[in-house]
Q: 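Here it is, the structure in full.
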Amino acid sequence: ADKLHEGKVVVGYAMTFDGHSGQTPCVLHPLGLAIMRRDDSAEEPFFRSTGAICNLSVLSEAASVSGFLNAAPDPDGLLRRAPVLIAREGHVYPSLALTAFTSVFGTRNVSLRVANVNSSSLLLDNRTVPLDGKSNLLLRYRGPKRTFPYISAVDVMRGQLKPGVLDGKIVLVGTTALGTREVVSTPLDTLFAGVEVQATVADNLVQQDFIQRPEYAGVLETQLVVGLGLFSALLVRRFGLAWGAAGVAVCLAGVWFGSVRLMATSGVFM
């Protein structure tokens, strides 16, 4: 607690969504957020928590900032996105990685611009962070587990690190030892440490090379599917089933290659 009073430390906690309010009292640090939307009747642009699992009170009260650690996988079990904002009891709270970023860079103005039910943007001073309709950030993973530098906590406590190793760095403290670590599956690794997910979010915010899904993506995808469907039907009718199937295969390959190329060159996910 004495060290936390010195500042420059963000403590993590977990939001809950099971209907229980969690610990009380619970010292959390909401985000001063302005929300801009075209339609006030639109769906709320973040998940709503019912409670929180917090740190010990003496630690929560000593820390000046905090952030949640929640992230949920897609239906296929792979973690591709993580929320950076969650609502609870009339306030909006930031993730641990977002709090670390705003603390390091001294961000003063934070606002959320809601485009539609599928797309929004988080404005951090002069930086724009593309999010989906529930304030999730699509994660650009840098590689499999241990892509980021790992440093033993024992080496830190024994003073065995070289001077300057941590200078200018955002450091995330978590458990990675076998039997204590939290692991998730990602598109690049099936045993990815949970603490490295937060590191990935923080790195994406720092590097500003986001994977983004444009607000018009749903409309464009629908038009493309309908258009190619009609084109395929015309191919089969005009040239027969064999040549029509070949044409359909070419169209599918073109769509796949185009999507991969678009994401690789500009970070746009379609």
Q: Give the C-alpha distance, both sets of side-chain angles, the deciding distance and a yes or no for side chain to side chain contact (heavy atoms under 4.5 Å, CB included) between Y13 and I53.
A: CA-CA 6 Å; Y13 59 89; I53 301 174; over 6 Å; no
Q: Give me the other members of the hydrophobic cluster that F269 sits in, counting Ile, Leu, Val, Met, Phe, Trp and Tyr linked by side-chain heavy atoms under 4.5 Å, directly or via other members.
A: L138, I211, M263
Q: Calculate, to the nearest 0.5 Å, the distance between atoms CG and OG1 belonging to L124 and T107 respectively.
A: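 One gets 5.5 Å once the value is rounded to the nearest 0.5 Å.
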Q: Going through the distances and angles, do N204 and R142 end up as a side chain to side chain contact (heavy atoms under 4.5 Å, CB included)?
A: CA-CA 9 Å; N204 286 186; R142 304 304 179 188; 3.4 Å; yes
Q: Should we say atom CZ of R127 is surrounded by more than 12 heavy atoms from elsewhere, each under 6.0 Å from it?
A: yes
Q: Hydrophobic clusters here meaning ILVMFWY residues chained together by side-chain heavy-atom distances under 4.5 Å, can you tell me if V165 and V171 are in one?
A: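 Yes.
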Q: Please list, chain by chain and in numerical order, all residues satisfying side-chain hydrogen bond (donor to acceptor under 3.5 Å, both in side chains) with R140, sequence neighbours excluded.
A: none
Q: Linking Ile, Leu, Val, Met, Phe, Trp and Tyr through side-chain heavy atoms less than 4.5 Å apart, which residues share a cluster with L262?
A: Y216, L220, V268, M270
Q: Grab the two heavy atoms, one from P130 and one from F210, that are nearest each other, plus how far apart they are.
A: CD-CD1, 3.4 Å
Q: When Ile, Leu, Val, Met, Phe, Trp and Tyr are grouped by side-chain heavy atoms lying under 4.5 Å apart, directly or through other members, which residues fall in the same group as L235?
A: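 In the cluster with L235 are F231, F239, W243.
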Q: Test F105 against V206 for side chain to side chain contact (heavy atoms under 4.5 Å, CB included), laying out the working first.
A: CA-CA 9 Å; F105 288 90; V206 172; 4.0 Å; yes
Q: Quick one, L112 and V114 - any side-chain contact, counting heavy atoms below 4.5 Å?
A: yes
Q: Got a second to check how far S111's OG is from L31's CG, nearest 0.5 Å?
A: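 That separation rounds to 10.0 Å.
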Q: Can you give me the closest heavy-atom contact between P144 and L188, atom names plus distance?
A: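 Result for this residue pair: CB-O, 4.0 Å.
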Q: Kindly compute the distance separating CD (E6) from NZ (K8), expressed to the nearest 0.5 Å.
A: 10.0 Å
Q: C54 and L28: which non-hydrogen atoms are nearest, and at how many Å?
A: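 Reported closest heavy-atom pair: SG-CD2, 4.0 Å.
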Q: Please report the closest heavy-atom contact between S103 and V10, naming both atoms and the distance.
A: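 Here S103 and V10 meet closest at OG-CG2, 4.4 Å.
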Q: Under a 4.5 Å cut-off applied to non-hydrogen side-chain atoms, are F68 and L96 in contact?
A: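 F68 vs L96: side chains apart.
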Q: Do side-chain atoms of K134 reach the backbone of E44 as a donor and acceptor pair under 3.5 angstrom?
A: yes
Q: Below 4.5 Å, heavy atoms only, C-beta onward: do F47 and N136 meet side chain to side chain?
A: yes
Q: Does T16 offer a backbone N or O that forms a donor-acceptor pair with the side chain of T50 under 3.5 Å?
A: yes
Q: Can L56 be reached from V9 by stepping across I, L, V, M, F, W or Y side chains whose heavy atoms are under 4.5 Å apart?
A: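 Yes: a chain of side-chain contacts under 4.5 Å links V9 to L56.
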Q: Is any side-chain heavy atom of L33 less than 4.5 Å from a side-chain heavy atom of F46?
A: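 In contact.
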Q: Flag the pair V11 / L59 as yes when at least one side-chain heavy-atom distance between them is below 4.5 Å, and no otherwise.
A: no
Q: Test T186 against T200 for side chain to side chain contact (heavy atoms under 4.5 Å, CB included), laying out the working first.
A: CA-CA 12 Å; T186 74; T200 299; over 6 Å; no
Q: Is there a side-chain contact between L205 and L98, using heavy atoms and a 4.5 Å cut-off?
A: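 In short, these two side chains touch, coming nearer than 4.5 Å.
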Q: Which residues pass the ring pair (Phe, Tyr, Trp, His ring centres under 6.0 Å) test with Y93, sequence neighbours left out?
A: none
Q: Among residues at least two apart in sequence or on other chains, which ones pass salt bridge (Lys or Arg N to Asp or Glu O under 4.0 Å) with E182?
A: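 For E182, no residue satisfies salt bridge (Lys or Arg N to Asp or Glu O under 4.0 Å) once neighbours in sequence are set aside.
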Q: Do side-chain atoms of N55 reach the backbone of G12 as a donor and acceptor pair under 3.5 angstrom?
A: yes
Q: Would you name the heavy atoms of A62 and A1 that are closest together and state the gap between them?
A: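 Shortest heavy-atom separation between A62 and A1 comes out as CB-O, 3.5 Å.
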Q: Going by the rule side-chain hydrogen bond (donor to acceptor under 3.5 Å, both in side chains), which residues pair with N70 if we only count those two or more places apart in sequence or in a different chain?
A: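 Per chain and number, N70 pairs via side-chain hydrogen bond (donor to acceptor under 3.5 Å, both in side chains) with no residue.
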Q: For a 4.5 angstrom cut-off between non-hydrogen side-chain atoms, does V129 reach L137?
A: yes
Q: Is there a path of hydrophobic side-chain contacts, each under 4.5 Å between heavy atoms, that joins V236 and V255?
A: no
Q: Going by ring pair (Phe, Tyr, Trp, His ring centres under 6.0 Å), name the residues that satisfy it together with Y141, two or more places apart in sequence or in a different chain.
A: F192
Q: Under a 4.0 Å N-O cut-off, is there an ion pair linking R213 with D132?
A: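 No salt bridge links R213 with D132.
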Q: For the residue pair H29 and S64, what are the closest heavy atoms and their distance?
A: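 Shortest heavy-atom separation between H29 and S64 comes out as CD2-O, 3.1 Å.
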Q: Nearest 0.5 Å, what's the CE-CD1 distance between M15 and I86?
A: 5.5 Å
Q: Clusters formed by hydrophobic residues whose side-chain heavy atoms approach within less than 4.5 Å: which one holds L123, and what are its other members?
A: M36
Q: Which pairs pass side chain to side chain donor-acceptor pair (under 3.5 Å) with one or both residues in residues 149-170, sequence neighbours excluded?
A: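 Output for this query lists Y150-E196.
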Q: Can you hop from I35 to V117 via hydrophobic side chains spaced under 4.5 Å?
A: no
Q: So, does S120 use its side chain to make a donor-acceptor pair with the main chain of A115 at under 3.5 Å?
A: no
Q: Between the side chain of S119 and the main-chain N/O of N116, is any donor-acceptor distance below 3.5 Å?
A: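 Not at all, since once roles are kept as given, no pair shorter than 3.5 Å links the two residues.
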Q: Just wondering, do S95 and L69 contact through their side chains at under 4.5 Å, heavy atoms?
A: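 L69 does not reach S95 side chain to side chain.
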Q: In chain order, what residues pass the side-chain hydrogen bond (donor to acceptor under 3.5 Å, both in side chains) check against Q212, with sequence neighbours excluded?
A: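 Per chain and number, Q212 pairs via side-chain hydrogen bond (donor to acceptor under 3.5 Å, both in side chains) with no residue.
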Q: CD of E89 to SG of C26: how many Å apart, nearest 0.5 Å?
A: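 The distance works out to 9.5 Å.
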Q: Should F101 and F148 be counted in the same cluster of Ile, Leu, Val, Met, Phe, Trp and Tyr side chains packed under 4.5 Å apart?
A: no
Q: Please tabulate, for side-chain N and O atoms in residues 73-81, each donor-acceptor pair with protein atoms closer than 3.5 Å (sequence neighbours left out).
A:
from: D74; atom 1: OD1; to: R81; atom 2: NE; distance (Å): 3.3
from: D74; atom 1: OD2; to: R80; atom 2: NH1; distance (Å): 3.1
from: D76; atom 1: OD1; to: L78; atom 2: N; distance (Å): 3.1
from: D76; atom 1: OD1; to: R80; atom 2: NH1; distance (Å): 3.1
from: D76; atom 1: OD2; to: R80; atom 2: NH1; distance (Å): 3.1
from: D76; atom 1: OD2; to: R80; atom 2: NH2; distance (Å): 2.8

Q: Does T190 offer a backbone N or O that forms a donor-acceptor pair with the side chain of S185 under 3.5 Å?
A: yes
